[in-house]
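Encoded as structure tokens, the structure appears first; notes follow it.
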Amino acid sequence: MENKGPYYLTTAIAYASGRPHIGNTYEIILSDAIARFKRAQGYDVFFQTGTDEHGIKIEEKAKAAGITPKEYVDDAAAKIKSNWDLMNVSYDYFIRTTDEQHEKQVQKIFKKLYDQGDIYKGYYEGMYCTPCESFWTESQLVDGCCPDCGRPVKPAKEEAYFFNMQKYADRLMQYIDEHPDFIQPESRKNEMINNFIKPGLQDLCVSRTSFTWGVPVDFDDKHVVYVWIDALSNYITSLGYDAEGNSSEMYKKYWPGTHIIGKDILRFHTIIWPIILMALGEPLPEKVFAHPWLLIGDGKMSKSKGNVIYAEDLVEHFGVDAVRYYCLHEMPYAQDGTITWELVIERINSDLANILGNLVQRTISMSNKYFDGVITNPNVCESVDDELKEMATSALAKVTKKMDEFRVGDALDEIFAVLRRTNKYIDETMPWALAKDEDKKDRLATVLYNLLESIRICAVLLHSFLPETADKILDMIGTQARDFDTVETFGQLEVNGKVCESPKPLFARIDEKKFMEEFNKQKEQPKKEEPKISIDDFSKVELKVGTVLKCEKHPKADRLLVFQIDFGDETRQIISGIAKFYKPEEMVGKQVVAVTNLEPTTIRGLESNGMILSADGGKKSLCVVSPEKEMKNGSKVC
């Protein structure tokens, strides 16, 4: 695949205040599909996500929990990262706004804007929304509440630094006019222009004195840098931007990028962030796409309402790719989408189990039945083949057009249109009838080849959306032709190879009534009491702190990592099945807690001497246990 150059993609960074629900998770799944597709096209993709970790809300939650704000955000960030990993997200970098290099550059950015006169000191008085960390005038309130989140506000006044927004308003309007694709969808662009820019931009409060959990203003220590400059700057600090003019080659290579965000924070990313970049003299983002919300039934998810659905719970029942498919397919381009347990089951049954899974299993089973699984192509063609071939080979262009417009659900529809046509082709050609006539054997082989080739093309295209499922399909038909270069010409599936002998269903059909009855019954059941052990039993377990010196993937098992851990008086090899949640390079230098008095065991040919402790947040959700602060290697946990 030809190298098409750099492509930088970011999500909004998640606020580290709690566990993300499926609506929050939708954004990372959407962005991952875009990033994977761009890589498949040949772009050098840098895909970033992360966490926003400062502000009064976190300071208050940490205080209520009896821990420090840093302890609070460390835990929250680990949960968010674990959720992203659970969904098989291929991010390249996970930034945290408490990262030292980020905080240092935020201070430099603030100082530069102050020194050049874009930031000045004053007082702010208005109505303040704590959850949104936003000041509002009385005229901006909606029914007396915050116009962004709808929650109550309270009067507040404090000394603050302000950013002169009006200075750049005309330049921003000109930029939007000259770059019609900058804000997408079109309706969102009109909303920003008519509701915010044309009525006149107010100067922006960019520091706070009423709390301390933030990046300090280094020339005025009463103030901390407010969220606008702190959080938004993550998109460039991660690449090595330097406000003093020493930006990295990585920054020069990848910036400007594309932002995928929720519609509720569009104003920050299309007005505040571009103006900050203008003041810094840096390029503006290529595009900002504001996706809609994923609603539960007909309303927003709310913990207080008890109607929240979490990705890890869906995955536990349906698997990662089924959840990815639902989120990507069911979210309209510009209107809010809906999710319920019943709707997920309905979509799994109709699309994944029937259209996709049944097609793959039927075709492979016929190949095994009639040709012992050997793929041949005598090329005995008939006119009925032409439409299938044309649809299959033109699919990439159609999918690409939809993906370029961020219409990801429509892109999936294009792939499933080919799958539906492939199912219809089975009914048209009737392989079971051809098999009864020895003279039709070559035609039968051609029909099966056409089916397998169409499935291969669809699997290659599906990889960006359902990576695990696509790999399974391609493995089942025994092909190495897995690149976009192979899908615009029919006939790239290798002949004389073999399909798998016993194809397992990709997705099992679910009895919705039975599932919901059992699901609701489980919700009503009290939690089972954990079994008790004596203090004598516990005292037999030896727990020690060690530092990971080396970590690499097990040569014979993708899910296993092989660790070399320094426990002070010795270095031990421990094997742990956490490769799905951690990359080897993430673990090097990390302190872990391990059971060190277990009997040695051999795992897939390598000896393991201990067990690393991890916190299990539910099926396929996991976080390695580490000491709160650096400890001496070999320290006992008691």
Count the heavy atoms of every other residue, nucleotide or ligand shown that sit under 6.0 Å from [atom1] of [X], and state whether that count exceeds 12.
{"X": "Lys441", "atom1": "NZ", "value": "no"}
{"X": "Lys440", "atom1": "NZ", "value": "no"}
{"X": "Asp372", "atom1": "CG", "value": "no"}
{"X": "Glu585", "atom1": "CD", "value": "yes"}

What distance separates [X] [atom1] from [Y] [atom2], expressed to the nearest 0.5 Å?
{"X": "Met476", "Y": "Glu501", "atom1": "CE", "atom2": "CD", "answer": "12.5 Å"}
{"X": "Asn520", "Y": "Gln522", "atom1": "CG", "atom2": "CD", "answer": "9.5 Å"}
{"X": "Lys498", "Y": "Ile375", "atom1": "NZ", "atom2": "CD1", "answer": "10.5 Å"}
{"X": "Lys513", "Y": "Glu518", "atom1": "NZ", "atom2": "CD", "answer": "12.5 Å"}
{"X": "Ile426", "Y": "Arg362", "atom1": "CD1", "atom2": "CZ", "answer": "4.0 Å"}
{"X": "Asp32", "Y": "Leu328", "atom1": "CG", "atom2": "CG", "answer": "8.5 Å"}

Check: [Y] and [X] side chains under 4.5 Å, non-hydrogen atoms:
{"X": "Phe507", "Y": "Thr469", "value": "yes"}
{"X": "Gln492", "Y": "Asp485", "value": "no"}
{"X": "Leu30", "Y": "Phe465", "value": "no"}
{"X": "Lys553", "Y": "Leu560", "value": "no"}
{"X": "Val487", "Y": "Thr393", "value": "no"}
{"X": "Asp351", "Y": "Leu356", "value": "no"}
{"X": "Ile578", "Y": "Ser614", "value": "yes"}
{"X": "Ile22", "Y": "Ile339", "value": "yes"}

Centre-to-centre under 6.0 Å for Phe416 and Tyr325, is that the case here?
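So the answer is yes for these two rings.
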Please check if the distance between the ring centroids of Phe515 and His317 is under 6.0 Å.
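Yes - the distance between ring centres of Phe515 and His317 falls below the 6.0 Å cut-off.
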Salt bridge flag under 4.0 Å for residues [X] and [Y]:
{"X": "Lys401", "Y": "Glu405", "value": "yes"}
{"X": "Glu468", "Y": "Lys580", "value": "yes"}
{"X": "Lys287", "Y": "Asp404", "value": "no"}
{"X": "Lys263", "Y": "Asp336", "value": "yes"}
{"X": "Glu249", "Y": "Lys252", "value": "yes"}
{"X": "Glu312", "Y": "Arg19", "value": "yes"}

Would you check if the side chain of [X] reaches a backbone N or O of [Y] as a donor-acceptor pair within less than 3.5 Å?
{"X": "Asn423", "Y": "Ile355", "value": "yes"}
{"X": "Asp437", "Y": "Ala433", "value": "no"}
{"X": "Arg443", "Y": "Val380", "value": "yes"}
{"X": "Gln184", "Y": "Phe289", "value": "no"}
{"X": "His21", "Y": "Gly23", "value": "yes"}
{"X": "Thr422", "Y": "Val418", "value": "yes"}
{"X": "Ser608", "Y": "Ile574", "value": "no"}
{"X": "Thr446", "Y": "Asp442", "value": "yes"}
{"X": "Ser82", "Y": "Leu622", "value": "yes"}

Any donor-acceptor pair under 3.5 Å linking the side-chain atoms of [Y] with those of [X]?
{"X": "Arg39", "Y": "Ser90", "result": "yes"}
{"X": "Ser238", "Y": "Gln48", "result": "yes"}
{"X": "Asn3", "Y": "Tyr43", "result": "no"}
{"X": "Tyr235", "Y": "His269", "result": "yes"}

Trace of the side chain to side chain contact (heavy atoms under 4.5 Å, CB included) decision for Ile612 with Val624:
CA-CA 8 Å; Ile612 296 172; Val624 168; 4.1 Å; yes
Check the pair His554 / Leu561 against side chain to side chain contact (heavy atoms under 4.5 Å, CB included), numbers first and verdict last.
CA-CA 5 Å; His554 194 296; Leu561 294 180; over 6 Å; no
Run the side-chain hydrogen bond (donor to acceptor under 3.5 Å, both in side chains) test on Tyr449 and Asn379 for me, step by step, so that the C-alpha distance in whole Å, both residues' side-chain angles and the decisive distance to 0.1 Å come before the verdict.
CA-CA 9 Å; Tyr449 181 87; Asn379 217 18; over 6 Å; no
Closest non-hydrogen atoms of Arg324 and Ala33, given as atom of the first, atom of the second and distance, are NH2-N, 4.4 Å
Test log, rule side-chain hydrogen bond (donor to acceptor under 3.5 Å, both in side chains), inputs Asp44 and Tyr254
CA-CA 9 Å; Asp44 177 6; Tyr254 284 108; 2.9 Å; yes
Walk me through it: do Glu607 and Asn609 pass the test side-chain hydrogen bond (donor to acceptor under 3.5 Å, both in side chains)?
CA-CA 7 Å; Glu607 187 175 283; Asn609 288 281; 2.9 Å; yes
Does the side-chain hydrogen bond (donor to acceptor under 3.5 Å, both in side chains) test come out yes or no for Arg456 and Thr486, once each step is laid out?
CA-CA 10 Å; Arg456 181 194 69 82; Thr486 70; 2.8 Å; yes
Any idea how Trp341 and Phe318 line up, ring-wise: parallel (<30°), tilted (30 to 60°), or perpendicular (>60°)?
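Tilted: the ring planes of Trp341 and Phe318 meet at 30° to 60°.
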Tell me, please, whether Tyr333 has Arg407 positioned over its six-membered ring: NZ or CZ under 6.0 Å from the ring centre and within 45 degrees of its axis?
yes
Could you check whether Lys583 makes a cation-pi contact with Tyr91, meaning its NZ or CZ is under 6.0 Å from the centre of the six-membered ring and within 45° of the ring axis?
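Here Lys583 passes the 6.0 Å and 45° test against Tyr91.
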Sequence neighbours excluded - side-chain hydrogen bond (donor to acceptor under 3.5 Å, both in side chains) pairs with any residue from residues 471-481
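Checked against side-chain hydrogen bond (donor to acceptor under 3.5 Å, both in side chains) - neighbours excluded - the pairs reaching residues 471-481 are His463-Asp471, Asp475-Arg482, Thr479-Glu494.
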Ser248/Lys253 under side chain to side chain contact (heavy atoms under 4.5 Å, CB included): CA gap, chis, key distance, verdict
CA-CA 9 Å; Ser248 70; Lys253 176 183 178 181; over 6 Å; no
Apply the test side chain to side chain contact (heavy atoms under 4.5 Å, CB included) to residues Tyr425 and Val384: give CA-CA distance (whole Å), side-chain angles for both, the deciding distance (0.1 Å), then the verdict.
CA-CA 8 Å; Tyr425 181 77; Val384 71; 4.2 Å; yes
Test ring pair (Phe, Tyr, Trp, His ring centres under 6.0 Å) applied to Tyr26 and Tyr326, step by step
CA-CA 10 Å; Tyr26 163 70; Tyr326 186 88; over 10 Å; no
